[in-house]
Amino acid sequence: MIVPMKKVSLIIMGDKKTETLKKLRSLGIVHIEESDGTDKKIDDIKEKINLLERALYGISEKKIKKAGDRALDCTQTLVAAREIVALEEEKKQCVADRLSLTAELDRLKDWGEIDPADFAQLAEKGLLLSLYEMPKEEYEALSDDVKTLALQKTKTSVRFLLIQKDGEDTDETAAIRRYSLAMPALSTDEIKQKTEDLQQRIGEIDETVFSFADCETSIKNAIKICEKEMEFEQHAAGMANERLSADGKNEVSVSYFTGFVEEENLPRLQQTARENAWGLLSEDPTEEDNVPTKLKNNKFVSLIYPLTDFLGTVPGYFEYDISGWFLGFILIFFGIIFGDGGYGLFICAVTGILMAKTAAAKKKIPPAFLLIGLFGLSTILWGTVTCTWFGLSAEQIPVWLQKLSIPVISNVHADRIWYPFWTNGEAGLTTAQNLQIFCFSLALVQLTVAHIKVAARNRKSIKILGDIGSVMQLFGIFYVVLSFVVNGEVFPFGLVIGGIPVGTLALVLVIAGFVMSFVFANYEGNLGKSILASLKNIVSVLLGVVNVFSDIVSYIRLWAVGLAGAAISATVNELAGPLLGNFLFMIFAIILLVFGHGLNMILNVLSVIVHGIRLNTLEFSSHLDMSWSGHKFKPFEE
């Protein structure tokens, strides 16, 4: 459930900010609204955090951990961080200089050894020498007045020395100046030596930075301390200030801020306010307030939290807590998408080993391990009922496992046609179509749950009739999907079972449900305004019926993705199978099996994220009118 909150406003004396915040932090129950407060202290703390994070990155970039941790206080940690950052900055400059010198060597490599000092000495004696490289045709077209010394000739170009006396220049030499080689600042020998020196210095810097690797924990702790300090200062700087006066002369400075507290903890805050003479106002939050969300569920349902935390999905305070439904359906979706009981056994085995190691170390088993274990069990269950194990064909699976499967969806009967009693053996369903029906039935159940939850919230208003209309549409369109997508001969619109015209009833449910939703969905105390609101959005209302159809059909992705995974497993087995009979190729076959099935499992994980989670956070949530617009309740605490 979503824990009920109270909005609180706290009024204190202006000179009591620091003292009050320290007491609130010690109390640890108030979520203070974020503010844009800033001052020099906050800027200084931000600089410290930036420095520490850069130092931490410099250490972690080395990819090597030193044994043990060096315990440093905050001052020592900042000193170490400054040294690390300074070294990293020096390294960046060294790398840049080395690249520049390497580029210079590449530019000069075709000219051999060059020393600009030699050219400078000749220039002092009045003889100017410069290096040129130009197209062969242009070189040969130079007049005899241009004195050159060819150094190297190719089919297309010529490298040469241009010889001039001091002050001697002609229009022709000026015209070819664009082909001159810019003289380096250093000789090639000096460039090579400097490059080696820089490379050596880079190595020395890396060694020095590596020597700080055992400071990683101290740096991380310092960052946390600075973040807490910044949070404190931001709350202090962000408090609104007012100057009040009872007699118009003697002014008193007061500060105030707003926040949120769990309803059950309000008495504790009130008691603390009385003890410290704070002004406290508490009220129920409204939809205009930016209320934080705190979820509270039993231990089993709470297993879904590692996944929702990873996704960053938090329901708004006035939305729904669907944690239990999310967990239940994602377990089903995971099992269908992975689809193979063998994969489930592997997941459970790996999870079991991790849990055993954690227990042996006398540590608490992370909820994520338990959740992954449940995913494995779900996959085993689905593999059992469909007789899918390690991508093997049904004939290769033991008979006792075949008997555990459910015939209508089992691979053991993949080629069999199932004839519902109302078809009199004239039309039937394949195993694949039965699986499609199962997926669409999941859609019907999950989306119906969504509308029932909305209806329960509107139970005191006739707006609930609109929600009932939505449920009627769901059931009617479910039959339409069975007819259009699965098999129109088995599910015709003229179908009559036990005197009940099922097909006609489905169409009646769609039409009647649409009318009820059209009339009552926007009801806010006035029926006429509700109808008018629907008329204004008539295009969206009509598209809503199409969206229900597409949402139900969207669940076929579970079957399709599971089928693709099974096909990959079977293909891997077919490729590796012939090799297993040959001892020379057995190792290659094992590698192929491990790689192929491992890759398939990775693809299945991605499929769960893309498809399985989507059905919960998009299709299911859209029928709940959820936007996942919430943010977590984070009390100001030590």
Side-chain angles (χ1 to χ4, degrees), residues 300-315 322-352 354-355 366-386 388-391 409 435-436 438-443 445-447 449-450 551-572 595-622 626 628:
F300 179 75
V301 174
S302 298
L303 293 177
I304 195 63
Y305 292 166
L307 179 58
T308 53
D309 289 344
F310 169 75
L311 298 172
T313 53
V314 180
I322 61 170
S323 300
W325 294 107
F326 197 122
L327 177 61
F329 283 108
I330 196 62
L331 286 173
I332 298 172
F333 299 160
F334 189 99
I336 296 174
I337 290 174
F338 263 70
D340 193 302
Y343 288 176
L345 287 173
F346 176 78
I347 294 171
C348 287
V350 173
T351 307
L354 293 175
M355 292 170 64
F369 288 178
L370 298 173
L371 178 62
I372 295 171
L374 286 176
F375 285 150
L377 291 174
S378 172
T379 307
I380 292 173
L381 178 61
W382 184 255
T384 301
V385 299
T386 59
T388 308
W389 298 92
F390 298 106
I409 58 174
L435 287 168
Q436 293 172 19
F438 179 80
C439 292
F440 295 143
S441 299
L442 279 177
V445 171
Q446 189 173 32
L447 300 184
V449 167
D551 285 347
I552 294 176
V553 172
S554 182
Y555 282 70
I556 202 173
R557 69 182 66 234
L558 297 171
W559 166 76
V561 174
L563 185 64
I568 292 174
S569 295
T571 302
V572 171
F595 175 78
H597 286 289
L599 180 61
N600 194 25
M601 292 185 71
I602 292 172
L603 293 175
N604 284 339
V605 170
L606 295 176
S607 297
V608 170
I609 295 173
V610 173
H611 301 292
I613 290 175
R614 169 205 163 100
L615 294 176
N616 276 305
T617 57
L618 187 60
E619 275 81 357
F620 182 42
S621 298
S622 66
M626 283 183 64
W628 298 98

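Along the sequence shown, residues are numbered consecutively beginning with 1. Reckoned from all heavy atoms, side chains included, excluding hydrogens, waters and symmetry mates.
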Nearest 0.5 angstrom please: Phe334 CZ to Leu377 CG, how far?
11.0 Å

Check the side chains of Asp340 and Thr388 for a donor-acceptor pair under 3.5 angstrom, ignoring hydrogens and angles.
no

Nearest 0.5 Å please: distance from the CG atom of Leu331 over to the CD1 atom of Ile304.
7.0 Å

Indicate yes or no: at least one non-hydrogen side-chain atom of Val385 is less than 4.5 angstrom from one of Ile409.
yes

Are the side chain of Thr313 and the backbone of Asp309 linked by a donor-acceptor contact shorter than 3.5 Å?
no

Determine, step by step, whether Ser622 and Asp551 satisfy the side chain to side chain contact (heavy atoms under 4.5 Å, CB included) criterion, reporting the C-alpha distance in whole Å, the side-chain angles of both residues, the deciding distance to 0.1 Å, and the verdict.
CA-CA 10 Å; Ser622 66; Asp551 285 347; 4.2 Å; yes

So does Ile568 get a backbone contact from the side chain of Asn600, meaning a donor-acceptor N/O pair under 3.5 Å?
no

Minimum heavy-atom distance Ser554-Leu615, with the two atoms named:
OG-CD2, 3.9 Å

For the student: nearest non-hydrogen atoms of Ile337 and Ser607, plus distance
CG2-CB, 3.7 Å

Here the pair of heavy atoms bringing Trp559 nearest to Gln436 is CH2-NE2, 3.4 Å

Side-chain H-bond candidate by donor/acceptor type, Tyr555 with Ser441, under 3.5 Å
no

For Val572 against Gly596, the heavy-atom pair lying closest together:
CG2-CA, 3.8 Å

Under 3.5 Å: donor-acceptor pair, side chain of Thr351, backbone of Leu370:
no

Taking atom types as modelled, is there a side-chain donor on Trp628 or Ser621 under 3.5 Å from an acceptor on the other?
yes

How about Asn616 and Gln446: do any of their side-chain heavy atoms sit closer than 4.5 Å?
yes

Closest approach of Thr386 to Gly339 (non-hydrogen atoms, all atoms of both residues)
OG1-O, 4.2 Å

Quick check: do Phe438 and Ile336 have side-chain heavy atoms less than 4.5 Å from each other?
yes

Do other residues, nucleotides or ligands put more than 12 heavy atoms under 6.0 Å from Phe620 CZ?
yes

Measure the shortest side-chain to side-chain distance between Leu374 and Phe300 over non-hydrogen atoms and say whether it is less than 4.5 angstrom.
yes

What do the steps show when you test Leu371 against Leu327 for side chain to side chain contact (heavy atoms under 4.5 Å, CB included), and what is the final call?
CA-CA 9 Å; Leu371 178 62; Leu327 177 61; 3.7 Å; yes

For Gly376 versus Ile347, what's the shortest heavy-atom pair and its separation?
CA-CG2, 3.8 Å

Below 4.5 Å, heavy atoms only, C-beta onward: do Tyr343 and Ser569 meet side chain to side chain?
yes

Could you tell me whether the side chain of Pro315 reaches within less than 4.5 Å of the side chain of Ile322, counting heavy atoms only?
no

Can you run down the side chain to side chain donor-acceptor pair (under 3.5 Å) pairs that involve residues 372-384, sequence neighbours left out, and say none if there aren't any?
none

Are the aromatic rings of His597 and Phe390 close, with centres under 6.0 Å apart?
no

First locate atom CD1 of Ile372, then atom CE of Met355, and finally report the distance between them rounded to the nearest 0.5 Å.
10.5 Å

Salt bridge (charged side-chain N to carboxylate O under 4.0 Å, His left out): which pairs involve residues 599-615, sequence neighbours left out?
Arg614-Glu619

Any Phe326 side-chain heavy atom under 4.5 Å of Val301 side chain
no

Going by heavy atoms in the side chains, are Leu442 and Phe333 under 4.5 Å from each other?
yes

